[in-house]
Engineer: 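Structure below; questions to follow.
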4 protein chains.
Amino acid sequence: MAPKVTVEYKDEKRLAILDAALHCFADKGYRDTTITDISNYLLMSKGSIYIYFTSKEDIYKQLMENRMEWMITQTSSKFGELTTASEKLRLLVRMFTDQTLDDLKELLSFHLEFMLISSRQNSLKKVMHKHIEMATKFVQDIIDEGKDSGEFRSDTDSYTASTLFWALRDGLVLHSLGIDVDEEYKAHMIGMEEMLFRYIATL
Amino acid sequence: MAPKVTVEYKDEKRLAILDAALHCFADKGYRDTTITDISNYLLMSKGSIYIYFTSKEDIYKQLMENRMEWMITQTSSKFGELTTASEKLRLLVRMFTDQTLDDLKELLSFHLEFMLISSRQNSLKKVMHKHIEMATKFVQDIIDEGKDSGEFRSDTDSYTASTLFWALRDGLVLHSLGIDVDEEYKAHMIGMEEMLFRYIATL
Amino acid sequence: MAPKVTVEYKDEKRLAILDAALHCFADKGYRDTTITDISNYLLMSKGSIYIYFTSKEDIYKQLMENRMEWMITQTSSKFGELTTASEKLRLLVRMFTDQTLDDLKELLSFHLEFMLISSRQNSLKKVMHKHIEMATKFVQDIIDEGKDSGEFRSDTDSYTASTLFWALRDGLVLHSLGIDVDEEYKAHMIGMEEMLFRYIATL
Amino acid sequence: MAPKVTVEYKDEKRLAILDAALHCFADKGYRDTTITDISNYLLMSKGSIYIYFTSKEDIYKQLMENRMEWMITQTSSKFGELTTASEKLRLLVRMFTDQTLDDLKELLSFHLEFMLISSRQNSLKKVMHKHIEMATKFVQDIIDEGKDSGEFRSDTDSYTASTLFWALRDGLVLHSLGIDVDEEYKAHMIGMEEMLFRYIATL
DNA sequence: GATGAATGAGTGTTCATTCAT
DNA sequence: TATGAATGAACACTCATTCAT
C-alpha cells in the first residue's frame, strides 16, 4: 500500500549526514559549523537533517557513538586472530602512524574537540566516558596478555599504562594539528612506540 | 597636564580583563563565553573591554601570549639555579602533579582548546606555534644538558623526546578532564614520570 | 469497474479526521496543533490528510461547518416536539449545565478560539457569521414564541435577548476555562438561568 | 562618569514596546505576530526588544500585568469618590459602552485571547487568575455595597453576580468581534445593563 | 575613559505542504 | 489511495561590536 522507503535507504542517509557532519566538525569545529554547512555539503535541505536527527547535539553525540562502533569492528577484525601482545600493540601504534596526517587530523580533531566539549556538557559526558572506557579496556587487555606471556614487566599497572598510551597518542595528535609536515609526525609516532616499549617491555 | 589615568592603571585593567577571560574561557569554552560573561565577572561594562582589546579574538590571543610570558618568568626563576638535568625534569613533572586537578583544569582546558582552535584559525597559529616552540626548547635544553652529563642516553633525539614530554602531559590532562578524582590523575602523572625516565635515562 | 473505495468509506475517513482535529485544536489551539499532531492521533499519515482536505485551514473551516450541522440535528430533534417557550429555553441552558466541565471545555475552547480567529481571518468570517446567525435565530424564535404566549415580556427585543443569551454562555465558559471545579461552573450556569428569566419573563 | 540613560527613558521604551505589542497582538493574534512585526511597528531593531524583555511570552505576560495596573488606577480614580452602588455599576457598564467598537476591539481581543491561551499555558495561568480575581472582587464589592444599602436584592450571591457581569461583558465583546456596526454593539450593551439590573435590583 | 542601549547578521529549529513511490 | 521523506520559508532568540552620552 505504500513503499515508504526501505530501512536501508534511511540508514544510508543517516550515515551520509554523519559523514558530512564529521567532515564539517573537523574542519571548523562544533560551534562554528552550522546546520547549513552540513546541509550544503550534502546538497540537502536543512529541514531534512531534522528528519534523521533531533538536534545538532544529537548529530554530535551519535557521531561519537558511531565512531566507537567503527573502532570496535575495525580493531576486532584485525586483532582477533593471532600475534603476541607486543605485535598487537605495535600494530595498533602503526595504525596511527600509517595514516596520512590529513586523514588523521580529520578524524582526531573531531575526537579531541569532543573530549573537550563533553567535559563541559553533561549530556555528552556519558558517551565520552563509555568511549574512553572501551578504548582503555582494549589496550589494557593486550598489556595484561603481555604480562602473562612475560613479554611485559609484571610490575606494570596495566590500567595506568593503557591510559598513558592513549594520552600519548592524543597529545601527539594535538601537537601535530599545527604541523603540516608528515615526516615530523611520523618521527614522533616512532618515538612514541619506542617510549612505550621501554616502559613496559621486560629486559 | 599629566594624564588622568596612569599607564599602570591601564595595564592593571588589561590584566584584570585577561584574568577574567581566562576564567570564563576555561569554564565555558571560547565560543560559549560571551563578552557579557567576561564583563559580568569583572563587574565592568562591555564597552570598557573594547577600550583595551579590539575584539574577542584579540583577548584570546593576548591571553595566550600572556601565559607564555608567565611561564618564562615562572620557570626561569625556579630552574635557573642549580640541580642536575634529572632533577630539573622531575621538578617540572611535579609542578603539574602537585597542583589540584581543579586548578590544572582551569589552566589547561584553556590551553588545550587554544591548541585546537588555533590549528583552524590562521590568525592564532603564529602565537600557538611560538608557544610550542618555546616550551619544546625549554625541555629540549634540559635533555641536552642531561645527555652531556651522561644522565640521559646519548642516542636520544632531544627534540622528539621533548615533544613526547609535552604531548604526554597534554594528553593526560585532556583525559583527566572527564575525571573528578584527584588520586587517579596523580597516579597517571607518576606513571608519566616513570615512563619518561625509562625512555631517556641511561642504564 | 466499481470504485475500490466507496463514498461511505471516504466520508467516514473525513469525519475521523475532523474528529481528531477537534480534539487536537481544543487541546493545544489552532496554531499550536500541527498536522503531525492530528495524524499521530489518528495513526494515519500526514499525506493522507491532504487527500481529504486541502489545507489546515480547510480542516478548521469544515470543522466549524460540521459542528453547525451537528447542532441543527441535535437541537431540532430535542426541541421540535412540544413544550412551552420557557421549557425550551430552560432545556437549552441545562444542556450546557449538565455536561461535565471537561467535555464542555473540549467543545467550547475550540468554539471560542474559532470566534477569535475568524474575526481576523476573512476566509473564516463567513462560516462564523452563518453559525452565529443560526444560533441567534434559534433562540430568537423561542423568545418570540414566548412573547406570543405571554410567557415573556412583550417589550423584549428578541434579537438582543438572544445575543445576550449566547454571549452569557460563551463568556461564562471562557471564564471557566481557568477553573477546575465543576461545582463553581454549575453555580454560575444556574445564575445565568436565573438572570435570563428575570430579564425576559413576565411579572 | 557615565550617563547610562535615565530610568525614565528605559521605562518609556518598555512601555512603547508594550504598546506596540498590544497593537500587534490585537491585530494578528499572539502566535501570528512576530517579534519582527513588533520591531517594525516601532521602527526599532529586533535585538533591542530583547534588552527590555526576555522573550515573546514575557512581553505577553507583562502586557497583561500592565493592563491590570492600568485598570486599577483607571477605576479607583473614577469610582472612589461618591455615588451609590447602582451609579457605580452603571458607570462601569457605560465605560465599555462609550468606547468606539474599534478601540474596544483592540483592547479586548487581546484580553480574550489571553484568557484562551493562558488556560493552556501554565506559565500564564497565574497572571490571568490574579486579573480575574481582581476584576471579580471589584464588582463584587460594589454589589455588596448595594445589598447593604438596599439597592440590590439581599438574596444575591455577589460572587456569582460579579462573574456573570464579566462573563456577559466578555461574551458580548467576543460576539461583537465579527460585527462592524457600532450601533448594534451599543444596543447590546444597553441590553446588558438592563439585564443586569433586573437581576440584582430590588423591586 | 566608561557605559550599556542599539544593531543586524546569523543560529538552530519547526512545519505546512508537496510528490515520488 | 496511502505514505512519509523532502523542502524552504519562517521564527524566536543571541551576540560581537559600535557609539552617543
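Values below: all heavy atoms of this structure, side chains included; hydrogens, waters and symmetry mates excluded. Lettering of chains follows the sequences in order, A, B, ..., and the numbering in each one begins at 1.
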Engineer: Which is it for D/Phe53 and D/Leu18 under the side chain to side chain contact (heavy atoms under 4.5 Å, CB included) test, yes or no, and what are the steps along the way?
Structural biologist: CA-CA 10 Å; D/Phe53 298 91; D/Leu18 246 24; 3.4 Å; yes

Engineer: Does CD belonging to D/Glu12 count more than 12 external heavy atoms closer than 6.0 Å?
Structural biologist: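 No, the 6.0 Å shell around CD holds no more than 12 heavy atoms from other groups.
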
Engineer: Defining pairs by Watson-Crick or G-U wobble geometry with both distances under 3.5 Å, how would you list the stems of DNA chain E with at least three pairs each?
Structural biologist: E:2-21 with F:2-21

Engineer: Is the side chain of A/Lys130 donor-acceptor paired with the backbone N or O of A/Glu65 at a distance under 3.5 Å, no angle test?
Structural biologist: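 The answer is no, because no donor-acceptor pair under 3.5 Å joins these two groups.
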
Engineer: How would you list, by chain and number, every residue that makes a side-chain hydrogen bond (donor to acceptor under 3.5 Å, both in side chains) with C/Ser55, sequence neighbours excluded?
Structural biologist: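 Checked C/Ser55 against side-chain hydrogen bond (donor to acceptor under 3.5 Å, both in side chains); zero matches.
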
Engineer: Using whole Å, what does the distance between atom C1' of nucleotide E/dG1 and atom CZ of B/Arg14 come to?
Structural biologist: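 To the nearest whole Å, that distance equals 17 Å.
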
Engineer: Atom CZ of A/Phe53 to atom P of F/dA5: distance rounded to whole Å?
Structural biologist: 14 Å

Engineer: Atom CG of D/Asn40 and atom P of F/dA12: how far apart are they, to the nearest Å?
Structural biologist: 12 Å

Engineer: So if I take residues 116-127 of chain C and measure heavy-atom distances to DNA chain F, which residues fall below 4.0 Å?
Structural biologist: none

Engineer: Once you round it to whole Å, what is the distance between P of F/dT14 and CG of B/Asp37?
Structural biologist: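 Going from CG in B/Asp37 over to P in F/dT14 covers 13 Å.
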
Engineer: Could you state the CD1-C1' distance from B/Ile38 to E/dG4, rounded to the nearest angstrom?
Structural biologist: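 Nearest whole value for this atom pair: 16 Å.
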
Engineer: State, to 0.1 Å, how close D/Lys56 and D/Thr33 come at their nearest heavy-atom pair, and which atoms those are.
Structural biologist: NZ-O, 2.9 Å

Engineer: Do any N or O atoms from the side chain of B/Asp27 and from the backbone of B/Cys24 form a donor-acceptor pair under 3.5 angstrom?
Structural biologist: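 A pair under 3.5 Å: no.
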
Engineer: Output all residues satisfying side-chain hydrogen bond (donor to acceptor under 3.5 Å, both in side chains) with D/Lys13, sequence neighbours left out; order by chain, then residue number.
Structural biologist: D/Tyr9

Engineer: Closest heavy-atom contact between C/Ala20 and C/Leu42?
Structural biologist: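 Scanning both residues completely, I find the closest heavy atoms to be CB-CG, 3.5 Å.
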
Engineer: Take atom NZ of A/Lys13 and atom P of F/dG4, then tell me their distance rounded to the nearest Å.
Structural biologist: 16 Å

Engineer: If you compare every side-chain N and O of A/Tyr9 against the phosphate oxygens of E/dA20 (OP1, OP2), does one of them come in below 4.0 Å?
Structural biologist: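 For A/Tyr9, the contact criterion (side-chain N or O under 4.0 Å from OP1 or OP2 of E/dA20) is not met.
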
Engineer: So, C/Lys61 and C/Asp58, do they make that salt bridge, N to O below 4.0 Å?
Structural biologist: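 C/Asp58 and C/Lys61: not salt-bridged.
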
Engineer: It should be established whether B/Tyr52 places a side-chain nitrogen or oxygen under 4.0 Å from OP1 or OP2 of nucleotide E/dG1.
Structural biologist: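 So the side chain of B/Tyr52 is outside the cut-off, no N or O lying under 4.0 Å from OP1 or OP2 of E/dG1.
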
Engineer: Scan the side chains in residues 108-119 of chain B for donor-acceptor partners under 3.5 Å anywhere in the protein, sequence neighbours excluded, and list what turns up.
Structural biologist:
| unit_1 | atom_1 | unit_2 | atom_2 | d |
| --- | --- | --- | --- | --- |
| B/Ser109 | OG | B/Ala26 | O | 3.3 |
| B/Ser109 | OG | B/Lys105 | O | 3.0 |
| B/Glu113 | OE1 | B/Tyr30 | N | 3.0 |
| B/Glu113 | OE2 | A/Arg120 | NH2 | 3.4 |
| B/Glu113 | OE2 | B/Tyr30 | N | 3.1 |
| B/Ser118 | OG | B/Phe114 | O | 2.8 |
| B/Ser118 | OG | B/Met115 | O | 3.1 |
| B/Ser119 | OG | B/Leu116 | O | 2.7 |

Engineer: Given A/Arg14 and A/Asn66, is the side chain to side chain contact (heavy atoms under 4.5 Å, CB included) satisfied, shown in steps?
Structural biologist: CA-CA 11 Å; A/Arg14 214 185 63 92; A/Asn66 209 55; 4.2 Å; yes

Engineer: Rounded to whole Å, please give me the gap between CZ in D/Phe25 and C1' in F/dA12.
Structural biologist: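 About 12 Å, once rounded to whole Å.
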
Engineer: Can you give one letter per nucleotide of nucleotides 7-13 of chain E, going 5' to 3': B for a protein heavy atom under 4.0 Å from the base, S for sugar-phosphate only, - for none?
Structural biologist: BB-BSSB

Engineer: For A/Lys10 and F/dT3, what is the distance between atoms NZ and P respectively, to the nearest whole Å?
Structural biologist: 15 Å

